[in-house]
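Order of listing sets the numbers, starting from 1, for every ligand and every atom in it.
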Amino acid sequence: MFIETPLLESRALSQRLNKSVWLKMEAMQPTGSFKARGIGHACTVYKERGARRFVSSSGGNAGLAVAYAGRKLGVPVLVVVPETTSERAKHLIAREDAEVVVHGKSWQEANEFALASRTSADAFLHPFDDPLIWEGHATMIDEVVRAGCTPDALVLSVGGGGLLCGAIEGLRRNGLASVPVVAVETLGADSYAQSLAAGARIELPAITSIATSLGARSVCEEALALARQRPVSSVVVTDQQAVAGCLELLDEHRIVVEPACGASVAALDSDDAALRDARNILLIVCGGVGANVDQLTRWQAGWQAEAGAAIQSR
Ligand SMILES: *Cc1c(COP(=O)(O)O)cnc(C)c1O
């Protein structure tokens, strides 16, 4: 369902920050993101429990992970996506032999349709709010510890909080419960930061960041509960900083990731106290198939053009 990914020390990031920065290369998963772990594990368990079909409403990395797990397990998959989903995303999911149905103008409509089309023989795979998913994600920390790395800070991106809950479970079961976690989001997809600030779960009215994989309007309750029990801090970066983080990974490590992942690289430059005090930083390179080199450079060129125009009009 998923593979053991490389763990490497980034010489470039380590030197720039004068610390050791370790990269857990989840972008190397067969589906291009860490989602393969939690969703692969959940699908395996649901099959054992008798599920005859997997249903998902994600046109992103979660839907792709469900499609991949279904093909590997020999279980049919239905992915319902809204009309806004790109041809590329639909193609990637269909290539894993999943049935792709387009329904509705928004994700909410697609999700309602997916839930309504479910029969009692189907398992519905939530993209982040399921303890089985957290259990599967936790394996990435097992691997890091087995490789002999004990971080004193963990940096990861937060969408709905599944990766955060899973990584914290991994730290806990490896005796690292007190290692601080730095939760990174982009401005416009910062539902966790705003919930932490409010002390309760908030719902964003809309997602305005290009980091669509971080675009959960609300995080799961567990992500908030964990922040009350252990050290978790929050960092919010701009879309521009996130794309710069992607381009740094591209230049230094020859790897393409989504802004959702570049955000974590960008966060290394924040003044977060846990990061400042850490000597060994573990960064989850969460990956994502929703961006390519062309798209990344177009985003950056767009901002550079805007900045140029602003200077000219002064
Ligand atoms: C899903 C995803 C995230 C966010 O994960 P959550 O579990 O929703 O917090 C971040 N980056 C990428 C590439 C993803 O696919």
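In this structure, Glu4 pairs ionically with Arg146, as a charged nitrogen and a carboxylate oxygen lie closer than 4.0 Å. Classification of Asp272 and Arg276 as a salt-bridged pair fails, no side-chain N sitting under 4.0 Å from a carboxylate O. The residues Glu248 and Arg16 are annotated as salt-bridged, a charged nitrogen and a carboxylate oxygen being separated by less than 4.0 angstrom.
Side-chain atoms of Gln29 do not come within 3.5 Å of backbone N or O of Arg37 as any donor-acceptor pair. Under a 3.5 Å cut-off, the side chain of Arg217 and the backbone N or O of Leu204 do form a donor-acceptor pair. A donor-acceptor pair is defined here as one N or O able to donate and one able to accept, closer than 3.5 Å; no such pair exists between the side chain of Asn174 and the backbone of Leu171.
Taking atom 5 (O) of ligand 1 as the reference point, the nearest protein heavy-atom neighbour is Phe34 CZ, 3.4 Å. Given atom 4 (C) of ligand 1, the protein heavy atom at minimum distance is Gly159 N, 3.5 Å. Among protein heavy atoms, atom 11 (N) of ligand 1 sits closest to Cys286 SG, 3.3 Å. Summary of contacts: the protein heavy atom closest to atom 8 (O) of ligand 1 is Gly160 N, 2.8 Å. Leu214 CD2, 3.6 Å is the protein heavy atom nearest to atom 10 (C) of ligand 1.
Shown in contact with Ala260 at under 4.0 Å from a heavy atom are these atoms of ligand 1, numbered in order with element: 11 (N). Numbered from 1 in the order shown, with element, the atoms of ligand 1 that lie under 4.0 Å from a heavy atom of Gly287 read 13 (C). Each of the following atoms of ligand 1 lies closer than 4.0 Å to a heavy atom of Leu163: 6 (P), 7 (O), 9 (O). In summary, the atoms of ligand 1 found under 4.0 Å from a heavy atom of Asn61, numbered by their order in the structure, are 13 (C), 14 (C), 15 (O). Here is the list of ligand 1 atoms found below 4.0 Å of a heavy atom in Gly288: 13 (C).
Side-chain contact of Asp122 with Tyr46: a donor-acceptor pair under 3.5 Å is absent, judged by distance alone.
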- Item | Verdict with reasoning, Glu143 to Lys24, per salt bridge (charged side-chain N to carboxylate O under 4.0 Å, His left out) | CA-CA 9 Å; Glu143 289 172 15; Lys24 183 61 172 161; 2.7 Å; yes
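If you check each of Glu185, Lys35, Glu26 against atom 3 (C) of ligand 1, the one with the closest non-hydrogen atom is Lys35.
The aromatic rings of Phe113 and His103 sit parallel, their planes meeting at an angle under 30°, below the 60° perpendicular limit.
Checked against a 3.5 angstrom limit, the closest N/O atoms of Gly162 and ligand 1 fall inside it. Checked by distance only, ligand 1 and Val158 stay at 3.5 Å or farther apart across all their nitrogen or oxygen atoms.
Between His126 and Phe124, a ring centre-to-centre spacing not shorter than 6.0 Å is recorded.
Contacts of Val219 with ligand 1, taken as heavy-atom pairs under 4.0 Å, are absent altogether.
Residue contacts with ligand 1 include Gly161, since one of its heavy atoms falls under 4.0 Å from the ligand.
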